[in-house]
Amino acid sequence: MDDCTSTLDETRCEICKSAKVQSYCDFCHVNLCNPCTGEHILDKYDKHKVVPFHRRQSSLIFPKCSIHQNRTCKFQCKNCIFFVCSFCIASKEHGEHDLIELTKVYETKKENIVKDTYDLENVLKPTYCELALDLENKIANLNVFYENIATTILEHGEEWHKEIDNLISKLNSEIASMKSNHLEILQKELCDIIETKSSIERTAESLKKIQESSEISQIIEYSYDNKEFSQLPSLVNVLLPTFSPKPIEQDKLHNCFGDITQLSVEETASSPVESSTSEEVLLHDFELVDTIKSGYDRIHSVSYENEEKLWMSGQTGEIKCYTMEGVLLREIKTELNVVPDNIIVDSFSVLMYSDPRTYTVYKVENDKSVAVIEVQEWIPSYLCVTATPGNLLVTMYRYDRTEAKVVRYSGSIENQTIQFNEEGKALYSLNDKVKYITENRNQDICVADFGAKAVVVVNHDGKFRFRFTRHRSASRSRRFTPSGIATDSHGRILTSDYNNHCIHIIDQNGQFLSCIDNCDLEFPCGLCVNNEGDLFVCEHKRGNVKKIKYS
């Protein structure tokens, strides 16, 4: 049974009080059955509007006046905040008060309700659905995570058992050697004693024979000196080895074996979810000015040199320079024809690029690549020329993909490393994921960390300022995937959202301002901004660079 039929079955006529409702007077706001409908309109009042019950309340229902009976209020007194009828307006009490039509208040509030409903269903609900999904994934992976820790402890324990077994085997070998030496000493002594005992027995037998002899001369000539046997041999006193077990000290044992870091629970402050009615959305005029075809199947980076030159790099070993009209001017081959991670043009119009295979940052002089920065065990990735002449910021990660950091260079000399916050925790995701970097006009260092799904901002000294995680709305329902970053002359931060096909704009304090999502962007990545406020966006899979005017 549907809701409409159920409501009809339950609702009764307000005149006869017994029959099921069939109709509704949209003017009098009365439920009617068919027989009572005729009675209701017999008063010949021409404003009755009887409609089928399911189409009821298509007209506005004004509140009744609390002072004047049977009068409806069509205004609201701004001073008293009361609903007032025409009699109230005519009275002295509201004579000079400001009045507003209830229909206008109704329409304004109705619009707010529609917008709030839209936000609840299309902004907040998807946000919480994604948060719930993220938590469900974490719960699903919880067993695996803790099982890995338990396995590591077990394997380490087995290594300890092996070492203890080796130690016991070594001690047992030492005991066996001692036992063999001890046995050898005792057996030698036993042999000497047995030999002496045999001599004594032989001598005793000889004396017995003499004793039985009848020859006088043999008896008289007998002479015996028992010193040979009476002086007992010296016996070796062997001190037996002992084993002195050390007491097992649990604390020291624990420290030697290893520690488990305690479960740390902290709240990560995310950017507030902006509603579609937010007053913070200040920017809204975006215009697609031009599209430049790069010739790459996949494009990664774009860098503005001047009003005539725009540099690009993609999934090949060539770096290209185009005019703003899309005419190819130059093509530079990288060292060993390696695909560069990133390109940048400094204030002296010197082109630079990072080479992940040789762990090197190059500059281009006379179409030749000259090494500027060479590092060991760290792979330089994304580059940023700073306001300080000769300074370069470089994001890099360890060759084993276990650490990431930002390094400031003056020429080829490293003079600052940014890796941890004040609590010693990593600022950036510990992997080789995209980490585009730029410097804001206030010298903040801004990193679009694809792996962390966040824009991470620190000040000039490397002190953490804020993280921007996303701006959610119906058209941006997928997880925030920052894959490019730039700043403009107003200190605004622009970051491309790869999977949501848009550009987020935030102020220098992390407050969301607007979102460019009306320029048919597809998988945006590398960004740059010129002094005139033009934004250049790489479309990764299309191989295009789009020029967008924003205000």
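- Stacking of Lys405 on the aromatic ring of Trp378 is recorded, both the 6.0 Å distance cut-off and the 45° axial limit being met.
- For the pair Asn337 and Glu318, the minimum side-chain heavy-atom distance is below 4.5 Å.
- Here the CG-SG distance, from Leu393 to Cys446, works out to 10.0 Å after rounding to the nearest 0.5 Å.
- Counting heavy-atom neighbours within 6.0 Å of Glu532 CD, excluding the residue itself, gives a total above 12.
- The aromatic rings of His300 and His540 sit tilted relative to each other, their planes meeting at an angle between 30° and 60°.
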**OP:** List the steps, then state whether side-chain contact (heavy atoms from CB on, under 4.5 Å) holds for Val407 with Met396.
**Re:** CA-CA 8 Å; Val407 180; Met396 55 181 67; 3.8 Å; yes

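- With hydrogens and angles ignored, the 3.5 Å screen pairs a side-chain donor or acceptor of Thr487 with a backbone N or O of Glu439.
- The local environment of CD1 in Ile164 is crowded, with over 12 non-hydrogen atoms from other residues, nucleotides or ligands closer than 6.0 Å.
- Within the 3.5 Å criterion, the main-chain N or O of Ile319 finds no donor-acceptor partner in the side chain of Ser313.
- Residues Thr358 and Asp355 bring a donor and an acceptor atom of their side chains to less than 3.5 Å of each other.
- Counting heavy atoms of neighbouring residues, nucleotides and ligands inside a 6.0 Å radius, atom CG of Asn306 exceeds 12 of them.
- Within a 6.0 Å radius of CD in Glu308, no more than 12 heavy atoms belonging to other residues, nucleotides or ligands are found.
- A salt bridge links Arg401 with Asp432; the closest basic N to acidic carboxylate O contact falls under 4.0 Å.
- Counting heavy atoms from C-beta on, the side chains of Lys549 and Leu535 never come closer than 4.5 Å.
- With Leu513 as the fixed residue, the side chain to side chain contact (heavy atoms under 4.5 Å, CB included) test singles out one of Ile493, Ile506, Asp507: Asp507.
- Between Glu365 and Lys363 there is a salt bridge, with a side-chain nitrogen of the basic residue lying less than 4.0 Å from a carboxylate oxygen of the acidic one.
- Taking the six-membered ring where the residue is Trp, Phe257 and His156 present tilted rings, their angle falling between 30° and 60°.
- Shown here is Ile413, whose CD1 atom has no more than 12 heavy atoms of other residues, nucleotides or ligands within 6.0 Å.
- For the pair Thr495 (side chain) and Gly484 (backbone), a donor-acceptor distance under 3.5 Å is present.
- Atom NZ of Lys433 is surrounded by 12 or fewer heavy atoms from other residues, nucleotides or ligands within 6.0 Å.
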Original post:
Does the side-chain contact (heavy atoms from CB on, under 4.5 Å) test come out yes or no for Phe536 and Ser303, once each step is laid out?
Top reply: CA-CA 8 Å; Phe536 298 90; Ser303 185; over 6 Å; no

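- For the residue pair Thr481/Asp497, the side-chain donor-acceptor check at 3.5 Å is satisfied.
- A donor-acceptor contact under 3.5 angstrom links the side chains of Asn442 and Asp444, judged on distance only.
- Taking the ring centroids of Tyr428 and Tyr397, they lie at or beyond the 6.0 Å cut-off.
- For the atom pair CE (Met312) and CG (Asn544), the distance works out to 9.0 Å, reported to the nearest 0.5 Å.
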Expected list for residues 287-295: side-chain donor-acceptor pairs under 3.5 angstrom, two or more places apart:
{"from": "Ser294", "atom 1": "OG", "to": "Tyr296", "atom 2": "N", "distance (Å)": "3.1"}
{"from": "Ser294", "atom 1": "OG", "to": "Gly543", "atom 2": "O", "distance (Å)": "2.5"}

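- For the pair Gln419 (side chain) and Lys425 (backbone), a donor-acceptor distance under 3.5 Å is absent.
- Here the side chain of Asp488 pairs a donor or acceptor atom with the backbone of His490 at under 3.5 angstrom.
- Ion pairing of Asp367 with Arg330 is present here, as a side-chain N (NZ or NE/NH1/NH2) and a carboxylate O approach within less than 4.0 Å.
- Side-chain contact check for Phe523 versus Arg298: every heavy-atom pair is 4.5 Å or farther apart.
- Remark: side-chain polar atoms of Asp534 are not paired, donor with acceptor, to backbone N or O of Asn530 under 3.5 angstrom.
- Side chain to side chain, Asp449 and Ser429 meet the donor-acceptor criterion of an N or O pair below 3.5 Å.
- For Phe82, the CZ atom sits in a loose shell: 12 or fewer heavy atoms of surrounding residues, nucleotides or ligands are nearer than 6.0 Å.
- Side chains of Lys252 and Asn255 form no contact here, defined as non-hydrogen atoms less than 4.5 Å apart.
- Rounded to the nearest 0.5 Å, atoms OG (Ser412) and CG (Leu392) are 11.0 Å apart.
- Contact of the Phe468 side chain with the Phe480 side chain is registered, since non-hydrogen atoms from C-beta on lie closer than 4.5 Å.
- At a threshold of 4.0 Å, the pair Glu539-Lys546 counts as salt-bridged, since one of the basic side-chain nitrogens sits closer than that to a carboxylate oxygen.
- Formation of a donor-acceptor pair under 3.5 Å by the Asn166 side chain with backbone atoms of Ser169 is not found in this model.
- Annotation: the span from Asn440 atom CG to Ile445 atom CD1 amounts to 11.0 Å, rounded to 0.5 Å.
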**OP:** Walk me through it: do Thr323 and Lys309 pass the test side-chain contact (heavy atoms from CB on, under 4.5 Å)?
**Re:** CA-CA 5 Å; Thr323 66; Lys309 295 180 180 179; over 6 Å; no

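- No side-chain heavy atom of Ile485 sits under 4.5 Å from any side-chain heavy atom of Ile437.
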**OP:** Let me see the working for Arg408 and Glu414 under side-chain contact (heavy atoms from CB on, under 4.5 Å), right down to the final yes or no.
**Re:** CA-CA 6 Å; Arg408 184 189 299 273; Glu414 178 181 332; over 6 Å; no

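- Using a cut-off of 4.0 Å between Lys/Arg side-chain N and Asp/Glu carboxylate O, Glu522 and Lys541 are scored as not salt-bridged.
- Contact annotation: the side chain of Val458 approaches that of Leu427 to within less than 4.5 Å [non-hydrogen atoms, C-beta and beyond].
- In this structure, CD1 in Ile344 is found 11.5 Å from CD in Glu305, a value given to the nearest 0.5 Å.
- A side chain to side chain contact (heavy atoms under 4.5 Å, CB included) with Asn391 is found for exactly one of Val385, Asp346, Thr386, namely Thr386.
- Within the 4.5 Å cutoff, side-chain heavy atoms of Ile548 are placed close to those of Leu521.
- Classified by interplanar angle (parallel below 30°, tilted 30° to 60°, perpendicular above 60°), the ring pair His504/Phe512 is perpendicular.
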Subject >> Derivation and outcome, ring pair (Phe, Tyr, Trp, His ring centres under 6.0 Å), residues Tyr436 and Phe450 >> reply: CA-CA 9 Å; Tyr436 276 95; Phe450 188 95; 10.0 Å; no

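- Formation of a donor-acceptor pair under 3.5 Å by the Thr395 side chain with backbone atoms of Ser381 is not found in this model.
- In this structure, a donor-acceptor pair under 3.5 Å is present between the side chains of Asn509 and Arg465.
- In this structure, a donor-acceptor pair under 3.5 Å is absent between the side chains of Asn112 and Asp116.
- Around atom CD of Glu307, no more than 12 heavy atoms belonging to other residues, nucleotides or ligands sit under 6.0 Å away.
- A salt bridge links Asp400 with Arg398: the closest approach of a Lys/Arg side-chain nitrogen to an acidic carboxylate oxygen falls below 4.0 angstrom.
- Aromatic pair Phe286/Tyr550: ring centres not closer than 6.0 Å.
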**OP:** Take Tyr353 and Ser301 through the test side-chain hydrogen bond (donor to acceptor under 3.5 Å, both in side chains) and record every step on the way to the result.
**Re:** CA-CA 10 Å; Tyr353 68 90; Ser301 302; over 6 Å; no

